[in-house]
Amino acid sequence: MATNKRKHEKQGGPSAKKVPPWMEGLKQAMENPDLKVLETDKAVVIKDKYPKARHHYLVLPKENISNLKSCQKEHVELLEHIHEIGANLKTRHENSAFRLGYHAIPSMSQLHMHVISQDMISDCMKTKKHYNSFTTDYFVPSETILKMLKRDGKVDINAKDMKLCLEMNLRCHLCGESQKNIPTLKKHLLLEDSKKNRGK
DNA sequence: GTTCTAGAAC
DNA sequence: GTTCTAGAAC
């Protein structure tokens with residue numbers, strides 16, 4: 001009865017695979033009233049604990065949905081709702097450009113859409129993986145996810161390609177200039193930001 | 001997801 | 001010698 005055994009393990013039997021506690025961090029966070037930025041009947045907004053830009057929110061469904069793989073046609077309305085919440089959040093920061101989207105292969109459990117300003121200036125933005133996860137195809141726009149879901153009834157992601165995205169050479173997402181390393185990139189991003197805000 | 005740190009890169 | 005990054009974390 002391999003099937004029964006596996007079922008038992010998933011329910012927390014002696015030989016159950018231990019899921020690292022940090023993987024459940026988002027579920028904990030969205031239940032913490034102190035961290036809630038806003039909520040609707042179907043979704044919750046929190047600020048990312050380690051923001052990778054000046055403004056970085058997460059929009060999560062209240063329903064338990066672990067990731068994009070478990071999304072089907074029936075979730076289209078919910079994801080549209082989540083998108084609308086993100087679009088409204090943008091209006092809190094009229095001077096900043098934003099992107100709404102999902103990491104192709106997120107580390108943490110519970111589906112979450114990123115709402116992130118495009119300055120990418122933050123002390124928490126420390127590694128190539130951080131930067132590339134928001135500035136390459138690893139970051140899948142919410143509209144793209146919705147299109148796939150409506151057309152195919154599922155979200156298909158090529159894990160191999162996504163790994164390559166994270167390993168790509170650093171390149172400014174605003175002007176395309178290649179960057180030697182993270183500290184150089186950060187200085188460049190500050191410069192881009194000051195250019196953009198000149199005269200404002 | 002982060003923290004820590006060995007060893008590569010400079 | 002210092003800065004920077006990549007990989008382990010039981």
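Sequence lines set the chain letters: A, B, ... in the order given, protein chains first and strands last, and positions in each chain run from 1. This structure is a prediction, so every number in the text was calculated from the model and none was measured.
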Shortest side-chain distance from [X], nucleotide among [options]:
X	options	result
A/Asn181	B/dC10, B/dG1, C/dT5	C/dT5
A/Lys128	B/dG1, C/dC4, C/dA6	C/dA6
A/Lys126	C/dT5, B/dG1, B/dT3	B/dT3

Task: Side-chain donor or acceptor of A/Ser194 paired with backbone N/O of A/Leu191 under 3.5 Å - done: yes
Open item on the list: Does A/Asp193, at its CG atom, have more than 12 non-hydrogen atoms belonging to other residues, nucleotides or ligands within less than 6.0 Å?
Closed with: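 Yes - once you tally the heavy atoms of other residues, nucleotides and ligands closer than 6.0 Å, there are more than 12.
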Without decimals, in angstroms, what is the distance between [X] [atom1] and [N] [atom2]?
X	N	atom1	atom2	result
A/Ile46	B/dG1	CD1	P	14 Å
A/Leu185	C/dT5	CG	C1'	14 Å
A/Glu24	B/dT2	CD	P	16 Å
A/Gln179	C/dT5	CD	P	12 Å
A/Leu60	B/dG1	CG	C1'	14 Å
A/Lys186	C/dT3	NZ	C1'	15 Å
A/Glu167	C/dT5	CD	P	15 Å
A/Lys163	C/dA6	NZ	C1'	11 Å

Open item on the list: Would you call the rings of A/Phe134 and A/His103 parallel, tilted or perpendicular, taking 30° and 60° as the class edges?
Closed with: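 Answer is tilted, since the angle falls between 30° and 60°.
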Task: B/dG1 pairs with, by Watson-Crick or G-U criteria that keep both distances under 3.5 Å - done: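 Per the H-bond distance test, none.
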Task: Counterpart base for C/dC10, defined by Watson-Crick or G-U wobble contacts under 3.5 Å - done: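 With both distances under 3.5 Å required, C/dC10 matches none.
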Open item on the list: Quick check on B/dT2: is either OP1 or OP2 less than 4.0 Å from any side-chain nitrogen or oxygen of A/Lys52?
Closed with: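 So the side chain of A/Lys52 is within the cut-off, an N or O lying under 4.0 Å from OP1 or OP2 of B/dT2.
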Open item on the list: For B/dT2 and A/His130 - does any side-chain N or O of the residue sit under 4.0 Å from the phosphate oxygens OP1/OP2?
Closed with: yes
- [ ] Identify whether any heavy atom of A/Pro106 sits under 4.0 Å from a base atom; if not, whether one sits that close to sugar-phosphate; answer base, sugar-phosphate or nothing.
- [x]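 The answer is nothing, as A/Pro106 stays clear of every strand by at least 4.0 Å.
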- [ ] With heavy atoms under 4.0 Å as the rule, sort A/Leu26 into base, sugar-phosphate or nothing.
- [x] nothing
Open item on the list: Which residue is it: A/Lys52, A/His173, A/Gln179? I am looking for the one with a side-chain hydrogen bond (donor to acceptor under 3.5 Å, both in side chains) to A/Tyr131.
Closed with: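 Result for side-chain hydrogen bond (donor to acceptor under 3.5 Å, both in side chains) with A/Tyr131: A/His173.
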Open item on the list: Could you check whether A/Asn64 and A/Lys27, counting side-chain N and O atoms only, form a donor-acceptor pair closer than 3.5 Å?
Closed with: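 Yes.
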